[in-house]
Amino acid sequence: MSPLPESDAKPEPERIDDLQRNGCRLIQRPDLFCFGMDAVLLAAFASVKRGDRVLDLCSGNGVIPILMDARLPGELRLEGSVQFTGLEINSICVDMSKRSAQMNGQSERVHFLEGDVRSYEKSGLKPGSFDRVTVNPPYMTGGGGLTGGNTGRVIARHEVLCTFDDVADCASRALKVGGHLYLVHRPHRLGDIFLSLNRHHLAVKKMRMVHPFADKEANMVLIEAVKGGRAYVHVEQPLVIFQTAGVYTEEVRAVYG
């Protein structure tokens, strides 16, 4: 595993945020990138069923598996048959994620490992052992977009430690044949995304564009792909975030619970 780059930024204090779902909270540090709307939408977009093993790649502060567990029906949470694992390269984020799960009483169902998507097996995970994979990967290619001086945020936003092709390769290794990948990304990267998914035998089945307003261009895309599936893409009705400035649409309000 490659070491994380050194950062000149002064560590910021932790904070605890209310996820507004079954009383769950999340420990975050702003200098290590805090979750946004994309993570919340992905947690709602991904589906699971009884007995599933779910892997979250590039897990950061663990918000996606923590939110997905919080969204489960009460009986599934009680029986603990759905198990979540987050894989994250930053040991500080892994520690925060574990403490968040413990604080929420989720530690028996939600687990976190330090590991690199470029060396999946070295993390102690077996190939083909997961039914579902989720990922909110870095969106920008190495030199694209704003970088700034904060190493933690740069790594979260930019393909510094892994490319999307690395992510697709890892997801394919992790999934059983017929397993599902759920991801959120930027529409301008769709060409790269489809090429990588196809290269790693992940067939896109569903895609949904996300628009900030009904009359604005999409700025996010949600994708579901199946390992070993046949390519047949169902494009869902667009998801619009705001009715007017600062006012969520009814669907987005429902996502936030």
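- Every pair passing salt bridge (charged side-chain N to carboxylate O under 4.0 Å, His left out) that includes a residue from residues 84-108 is listed here, sequence neighbours excluded: Glu14-Arg99, Asp95-Arg99.
- Salt-bridge check for Asp165 with Arg199: passed, with a basic side-chain N closer than 4.0 Å to an acidic carboxylate O.
- Under the side-chain hydrogen bond (donor to acceptor under 3.5 Å, both in side chains) criterion, Lys176 pairs with Asp131, not counting sequence neighbours.
- The salt bridge (charged side-chain N to carboxylate O under 4.0 Å, His left out) pairs that include a residue from residues 207-218 are Arg208-Glu251, where partners are two or more places apart or lie in different chains.
- Shown here are the side-chain hydrogen bond (donor to acceptor under 3.5 Å, both in side chains) partners of Lys205, two or more places apart in sequence or in another chain: there are none.
- By the side chain to side chain contact (heavy atoms under 4.5 Å, CB included) test, Lys126 is found to be paired with Ser129, residues two or more places apart in sequence or in another chain being considered.
- The side chain to side chain contact (heavy atoms under 4.5 Å, CB included) check on Tyr248 picks up Met37, Ile241, Phe242, Val252, Arg253, Tyr256, with sequence neighbours excluded.
- Panel note: side chain Thr85, backbone Phe112; no donor-acceptor pair is recorded below 3.5 Å.
- A distance of 8.5 Å separates CG in Leu181 from CD1 in Ile223, rounded to the nearest 0.5 Å.
- A ring pair (Phe, Tyr, Trp, His ring centres under 6.0 Å) check over residues 72-104, counting only residues at least two apart or in different chains, returns nothing.
- For Gln20, the side chain to side chain contact (heavy atoms under 4.5 Å, CB included) partners two or more places apart in sequence, or in a different chain, are Asp18.
- Scanning both residues, Ser91 and Glu114, for their nearest heavy atoms gives CB-OE1, 3.5 Å.
- For Glu79, the side-chain hydrogen bond (donor to acceptor under 3.5 Å, both in side chains) partners are Arg50, Ser81, not counting sequence neighbours.
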Name every donor-acceptor pair, under 3.5 Å, that has one atom in a side chain of residues 58-67 and the other anywhere in the protein, sequence neighbours excluded.
{"unit_1": "Ser59", "atom_1": "OG", "unit_2": "Asp56", "atom_2": "OD2", "d": "2.7"}
{"unit_1": "Asn61", "atom_1": "OD1", "unit_2": "Val63", "atom_2": "N", "d": "3.2"}
{"unit_1": "Asn61", "atom_1": "ND2", "unit_2": "Gln28", "atom_2": "OE1", "d": "2.8"}

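- For Gln106, the side-chain hydrogen bond (donor to acceptor under 3.5 Å, both in side chains) test picks out Asp69, Asn104, with sequence neighbours left out.
- The side chain to side chain contact (heavy atoms under 4.5 Å, CB included) check on Ala174 picks up Leu55, Tyr120, Phe130, Val133, with sequence neighbours excluded.
- Using a 4.0 Å cut-off between a side-chain N of Lys or Arg and a carboxylate O of Asp or Glu, Asp166 and Arg118 do not qualify as a salt bridge.
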